[in-house]
Number of protein chains: 2
Amino acid sequence: MQPRPPDRTLRPDDGRLARGRRSRARIREAARALFRERGFDGATLRAIAARAGMGASSIYRHVQSKEELLIEELADLQEEAWRRFRAEDARDRPTRERVHRFLRVQHELLVADRDLTAIALRATTRPEARVARRVLALHDRTMGLLVEVLQMGRVRHDLDPEVDVLEAARALFHITLGARIPWANGLVQADACLQSIQAGVDLLFRGLSARQS
Amino acid sequence: MQPRPPDRTLRPDDGRLARGRRSRARIREAARALFRERGFDGATLRAIAARAGMGASSIYRHVQSKEELLIEELADLQEEAWRRFRAEDARDRPTRERVHRFLRVQHELLVADRDLTAIALRATTRPEARVARRVLALHDRTMGLLVEVLQMGRVRHDLDPEVDVLEAARALFHITLGARIPWANGLVQADACLQSIQAGVDLLFRGLSARQS
DNA sequence: GCATCTACGCGAACAGACTCGCATAGGACC
DNA sequence: GGTCCTATGCGAGTCTGTTCGCGTAGATGC
C-alpha cells in the first residue's frame, strides 16, 4: 500500500505509476468534495470511491485509512498557514504580536472546515495507526515554527531569557488546540474560539515577556 | 434507551427496574475488566455482553454507545481525583502549589489507564453524539474546580488581580490535555508527560502571579 | 514474440458497532 | 384472575471501514 519504497528497479515514469497518480488525485478530489458535502463520517468510502470512478477497495491501494484522506488536507492547510504568515510577517514586530498573527492566520484557515480539526484530533486517539503519528508530526512542526518565532524574540531580548522556548511553544500550541474543541463541537462560535485562543496567549505572554524592571 | 424520563406512572422500585440496575452493573463491570484486558478497541461489544451474561444488542438498552461505557469510568475517576485532592489539600499553600498538587493527583489516576485519556479525547470528535457533550461537561467541571482554586488565590492576593481566572483555568486545563496526547500515543513516558504539564503550569504562573514590585 | 514482474483494480468477504421488530416477564389497575 | 402497560432481552439484519485473493495491463529483459 501507499507509495511504498520502490522495491528494486524503480522506473521513473512507468505508465502504471502515472495512472496511479491520476487515480490518487481523483480520490483526493472526490474525498474533499464529499467531506465538505456530508462531513467526514457522512462521506462513505464507497461513495468516495464511486465518485472517483473506482471500487471501494481500490482506494486502499493509495491510502492506508479513510482518516488519512483528511489528514492530507490538514498538512496542506498547515503549509498554507505558514506561507501566508511568512508573506505578511514583519519580523521586527513584537514577538507576542507575531504569534498572534500566526495563530489568527491558522485559525482563519481551520475555521473553514470543522471536521478537519475534529478528525485530526480523533486520529490522535489511535496510537497503533500511522495517521496518529502523522498528525503528531504536524503538531511538532507547528510547535517548531512557534519555537522559531519565540527564539527570535529571545535573542533580541523581547522575551525573558529564562523561559524554555520549547515548553512555551508547547503551551501555546496546546492552548490553541484545546480552545478549538468546544468550537469543533458547535458549542461556541468561531470568533469566540479565536478570542479564547488570544486570551490564553496573552495570559501566557504575561509570564514570557521580559520584565522591564 | 437509557434511563429515559419515566413516562407517566413512575414506579419507585419496580422489579424490572431493579433487574435493569443489576444488568447495568454487570455490564459496567464486564466492560471495565475487558477494557483493561484488551484495551478499548480490542474489547468487543459482543465479548462485553457475553461476560455480562446477555446478548450484544441488549447492552443498548442501558447505554447509548460503547464509548459511554468508558466515559462513565472517566467521570468516576475525576471525582476520585478531586476527592483525593481535597483530602490532602492545604488551603494556605500558595496557589501555584495547590494547582500542581491537583494536577499531580489527576495525573496519577489517569496514568493507570492510557485508553481512558485517548477515548475521552476521541469521543470529543463526534459532535452529534451525546458522549461528546458528556466529556466536554467533564472538562468544564475540571476547569470549574481550577477556577475555584485560582479564585481563592486571587482574593488573598496570591494572583495578579488583573488576570481572568476563567481564561487561566482554561489555559491550565488545555496545557494538561495537550501534554497527555503524546503520552497516550506512547511517544513519551508518563513522568515526562507530568514534567511537561508542570513546566507548562509554571510558565503560565509566571504571568499569573502577583508582581511583587 | 515470450516470459516475467508488478502497480492497479475489483468483487467478495469479514468484523464490529449499532438498529429493528418481536417476545417475555413482572407490575398495576379493575 | 384478567387485561393492559412497559422495562428488559434477543436474534436477525444493516452499515461501513477494511482485508483478501485473483485478474489484468503495462513495462522490461531476452
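Throughout, a chain's letter reflects where its sequence line sits, starting with A, and its residues are numbered from 1. All values reported here derive from a predicted model rather than from experimental measurement.
Rounded to an integer number of Å, the gap from R126(A) CZ to dG17(D) P is 11 Å. Atom-to-atom, CD1 of I119(B) to C1' of dA17(C) comes out at 14 Å; the value is rounded to the nearest Å. If you measure from atom OH of Y60(A) to atom P of dG17(D), you get 7 Å, rounded to the nearest angstrom. Going from atom CG of L45(B) over to atom C1' of dC10(D) covers 14 Å, rounded to whole Å. If you take CD1 of I27(B) and C1' of dG9(D), they are 10 Å apart, rounded to a whole angstrom. Look at CZ on R22(B): it is 15 Å from P on dA25(C), rounded to the nearest Å. In this structure, the CD1 atom of I59(B) is 14 Å from the C1' atom of dT19(C), given to the nearest Å. Here the P atom of nucleotide dG16(C) and the CG atom of D41(B) are 11 Å apart, to the nearest Å.
Considering only heavy atoms from C-beta on, L166(B) comes within 4.5 Å of R170(B) through its side chain. Residues Q106(B) and R84(B) are not in side-chain contact: their nearest non-hydrogen atoms beyond the backbone lie 4.5 Å or more apart. Within the 4.5 Å cutoff, the side chain of R122(A) has heavy atoms near those of the T125(A) side chain. At a threshold of 4.5 Å between non-hydrogen side-chain atoms, the residues M152(A) and T95(A) do not count as touching. Taking the side chain as every heavy atom from C-beta outward, V165(A) and L146(A) never approach each other to under 4.5 Å.
With DNA chain C read from its 5' end, the first of the two nearest nucleotides for A56(B) and M54(A) is the one closest to M54(A).
Each of dT8(D), dT18(D), dG16(C) was ranked by its minimum atom distance to the side chain of R61(B); first place goes to dT8(D).
The backbone N or O of A43(B) lies less than 3.5 Å from a partner atom in the side chain of K66(B), making a donor-acceptor pair.
Within the structure, a side-chain polar atom (N or O) of H62(B) is placed less than 4.0 Å from OP1 or OP2 of dG9(D).
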Checklist entry - What's the verdict on salt bridge (charged side-chain N to carboxylate O under 4.0 Å, His left out) for R28(A) and D76(A), showing C-alpha distance, side-chain angles and the deciding distance? => result CA-CA 12 Å; R28(A) 249 192 97 172; D76(A) 282 359; 2.7 Å; yes
Is there any protein nitrogen or oxygen under 3.5 Å from a nitrogen or oxygen in nucleotides 11-13 of chain D, and what are the pairs?
unit_1  : atom_1 : unit_2 : atom_2 : d
dG11(D) : N7     : S57(B) : OG     : 3.3
dG11(D) : O6     : S57(B) : OG     : 2.4

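Residue A47(A) is classed as having no contact, given no heavy-atom separation below 4.0 Å to the nucleic acid.
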